[in-house]
Amino acid sequence: MLRIIGCVVAILILTVHLQTTSAQTATPPAASSEAKPSKMKLTVQKLRAMKAKWNTNKPKLAACRKEVKAKGLAGDDRWFYIADCMEKT
């Protein structure tokens, strides 16, 4: 009898959990034409613009990349360092 009650309780808990999970994954409303791009897309766009600007001065970019490699920077730290390096005169 105790086993049956335990199984019924487990099934009820599982059912409640699945219902709340499916309620959270409902489809989002349709995007309006005035929706702003996500932060990730803005970041990628900014990065592309920065790269295009940097490619006009390739010798300086190469020097900045050497400094980054020597310091062992990676990820966002790398991009911020290159941006600072490229803005120096």
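Values reported hereafter were calculated over all heavy atoms of this structure, with side chains retained and with hydrogens, waters and symmetry mates removed. Everything numeric here is computed off the predicted structure, so don't read it as measured data.
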Find out whether Trp79 and Lys46 are in side-chain contact, i.e. whether some heavy atom of one side chain is under 4.5 Å from a heavy atom of the other. no

Any chance you could measure Ile82, atom CD1, to Glu87, atom CD, to the nearest 0.5 Å? 12.5 Å

Could you list the residues that satisfy side chain to side chain contact (heavy atoms under 4.5 Å, CB included) with Asn55, not counting sequence neighbours? Lys58, Leu61

Can you measure from CE (Met86) to CZ (Arg65) and round to the nearest 0.5 angstrom? 9.0 Å

Which heavy atom in Cys85 sits nearest to a heavy atom in Lys60, and how many Å separate them? O-CE, 3.3 Å

Under the side chain to side chain contact (heavy atoms under 4.5 Å, CB included) test, which residues partner Lys71, sequence neighbours left out? Leu73, Tyr81

To the nearest 0.5 Å, tell me how far Lys69 NZ sits from Arg78 CZ. 11.0 Å

For Val9, which fellow cluster members are found when Ile, Leu, Val, Met, Phe, Trp and Tyr are connected by side-chain heavy-atom distances below 4.5 angstrom, either directly or through intermediates? Met1, Ile5, Ile13

